[in-house]
Amino acid sequence: MELKNIVPWGRSFAEYREIFSLSDDDLNKTILGCGDGPAAFNAELTARGGKIISVDPTYQFDADALRGRIATVYDEVIPQLRANMDKYIWTSFSSVKELGQVRMTAMARFLADYAAGKEAGRYVQASLPDLPFADQQFDLALCSHYLFLYSKHVDLSQHLLAMNELCRVAREVRVYPLIALDGTLSPHLKTVMAALTDHGLTTSLVKVSYQFQKGATEMLVVQAA
Ligand SMILES: C[S@@+](CC[C@H](N)C(=O)[O-])C[C@H]1O[C@@H](n2cnc3c(N)ncnc32)[C@H](O)[C@@H]1O
């Protein structure tokens, strides 16, 4: 993985809460954040006394490298968002500028926590479909804006392996969004749900209050039977 090819873009704690309908009870669970990148969820939850480990391939880089890349990517992403404003719902964020500020604040929160978190083993360099954790080590695994969203880049077999791995390490898995980058439902969703059901797991599509990308109204919840 080369730094110039990564697009670090992380969401806030408040966004994660809405994205995954996280209750106070959920926040007391042992949580895995898979593909968390520079999101602020780990930093904020840890500060609130929560138990969380985040994994992401970009954790091979140090804070200075990620900080530099975030600054470059910000200047590329903001004009792209302006050009595609009609693909998003502008209620939580009133403008592209406000969205940019929320995301940069979240990523600054992550960067401030990153070195200490790495030292404490809260930011672990790893990639689906192989996670360095024991069976059922976590109560809850969350995967925001990676699986299903990148359906064109991550094929069906990789989705199947990734979801099996998440279900191996956690008793419950929540994934959002379920639509791909083009705004249509992921072509992998139905097959993945059927495969998980065949493995004896319970799958459901659950409405969430978070809305930004048009059509991204539900999360996938998978639970051990
Ligand atoms: C769009 S970002 C989402 C970041 C964060 N989850 C959020 O919602 O703000 C997608 C993340 O998936 C990570 N990723 C890419 N390939 C991965 C893999 N094989 N396993 C786990 N994470 C991966 C990327 O490095 C990136 O941080």
Side-chain angles (χ1 to χ4, degrees), residues 1-20 22 31-45 52-61 63 65-67 69-70 73-74 76-77 80-81 88 92-93 99-100 102-111 113-114 117-118 122-133 138 140-170 173-181 186 188 208 210-213 216 219-220:
M1 176 176 270
E2 286 189 65
L3 189 61
K4 68 176 169 48
N5 294 331
I6 69 160
V7 183
W9 197 240
R11 286 164 185 79
S12 69
F13 179 80
E15 286 184 279
Y16 262 61
R17 269 203 94 155
E18 271 198 81
I19 282 171
F20 294 114
L22 295 169
I31 296 179
L32 170 68
C34 190
D36 271 352
F41 186 65
N42 187 317
E44 187 69 30
L45 184 60
I52 175 162
I53 294 177
S54 298
V55 296
D56 199 286
T58 61
Y59 297 160
Q60 69 187 270
F61 301 109
L66 289 175
R67 186 177 293 108
R69 185 67 192 143
I70 285 167
V73 161
Y74 178 84
E76 294 165 4
V77 169
Q80 284 168 17
L81 278 165
Y88 301 93
S92 296
F93 307 105
L99 170 74
V102 169
R103 293 285 154 80
M104 288 306 264
T105 302
M107 291 189 279
R109 184 85 175 85
F110 159 80
L111 286 169
D113 180 54
Y114 185 53
K118 243 183 164 178
R122 287 189 288 108
Y123 296 110
V124 174
Q125 178 199 338
S127 306
L128 287 168
D130 295 306
L131 300 177
F133 304 116
F138 300 92
L140 180 60
L142 307 174
C143 186
S144 159
H145 293 85
Y146 172 58
L147 289 173
F148 300 114
L149 182 64
Y150 292 98
S151 284
K152 273 213 172 131
H153 311 77
V154 183
D155 67 16
L156 174 62
S157 65
Q158 288 297 308
H159 271 77
L160 290 166
L161 290 171
M163 287 303 297
N164 281 338
E165 181 69 344
L166 286 169
C167 294
R168 180 185 70 77
V169 301
V173 177
R174 299 183 194 178
V175 186
Y176 176 95
L178 306 176
I179 59 170
L181 285 172
S186 164
H188 307 321
V208 299
Y210 183 81
Q211 275 201 43
F212 185 49
Q213 192 186 2
M219 65 174 163
L220 171 64

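Computed from a prediction, not measured in an experiment: that's the story for all the values here. Indexing begins at 1, ligand by ligand and atom by atom, following the structure's order. Positions are given from 1 along the sequence.
- Regarding atom 15 (C) of ligand 1, its nearest protein heavy-atom neighbour is Tyr146 CE1, 3.6 Å.
- Checked against the 6.0 Å centroid criterion, the rings of Phe20 and Tyr210 do not qualify as a close aromatic pair.
- Within the 4.0 Å heavy-atom cutoff, Tyr150 counts among the residues contacting ligand 1.
- Against a heavy-atom cut-off of under 4.0 Å, Gly10 is close to the following atoms of ligand 1: 9 (O).
- For ligand 1, one of its N or O atoms has an N or O atom of Leu128 under 3.5 Å away.
- Using a 4.5 Å heavy-atom cutoff, the side chains of Leu149 and Leu181 are in contact.
- Regarding atom 7 (C) of ligand 1, its nearest protein heavy-atom neighbour is Arg11 NH1, 3.2 Å.
- Ring centers of His159 and Phe148: under 6.0 Å apart, within the cut-off.
- With respect to Arg11 and Glu18, no salt bridge is recorded, no charged nitrogen being found less than 4.0 Å from a carboxylate O.
- Using cut-offs of 30° and 60° on the angle between ring planes, the pair His153 and Tyr150 is perpendicular.
- Looking only at heavy atoms of the protein, atom 1 (C) of ligand 1 is closest to His145 O, 3.3 Å.
- For the salt bridge (Lys or Arg N to Asp or Glu O under 4.0 Å) test, residues two or more places apart in sequence or in another chain that qualify with Arg174 are Asp26, Glu172.
- At a 4.0 Å heavy-atom cut-off, ligand 1 touches Trp9 through the backbone alone.
- Taking a cut-off of under 4.0 Å to the non-hydrogen atoms of Thr58, the atoms of ligand 1 that pass are 25 (O).
- Taking all heavy atoms of Ser54, Ala126, Pro57 into account, the minimum distance to atom 23 (C) of ligand 1 is reached by Pro57.
- Side-chain contact of Asp36 with Tyr123: a donor-acceptor pair under 3.5 Å is absent, judged by distance alone.
- For Tyr16, a nitrogen or oxygen atom sits less than 3.5 Å from a nitrogen or oxygen atom of ligand 1, counting backbone and side chain alike.
- For a threshold of 3.5 Å applied to N or O pairs, the pair formed by Gly35 and ligand 1 contains at least one separation below that value.
- Between Pro38 and Leu66 there is no side-chain heavy-atom pair separated by less than 4.5 Å.
- Between His145 and Ile19, the closest side-chain pair of non-hydrogen atoms falls below 4.5 Å.
- Atom 25 (O) of ligand 1 has as its closest protein heavy atom Asp56 OD1, 2.7 Å.
- Close approach of ligand 1 to Gly37 is summarised as follows: ligand atoms under 4.0 Å from at least one heavy atom of the residue are 27 (O).
- Taking a cut-off of under 4.0 Å to the non-hydrogen atoms of Ser144, the atoms of ligand 1 that pass are 3 (C), 5 (C), 6 (N), 7 (C), 8 (O).
- Counting atoms of ligand 1 from 1 in the listed order, those under 4.0 Å from a heavy atom of Ala39 are 9 (O).
- If you run side chain to side chain contact (heavy atoms under 4.5 Å, CB included) between Ile31 and each of Phe41, Tyr16, Phe138, only Phe41 comes through.
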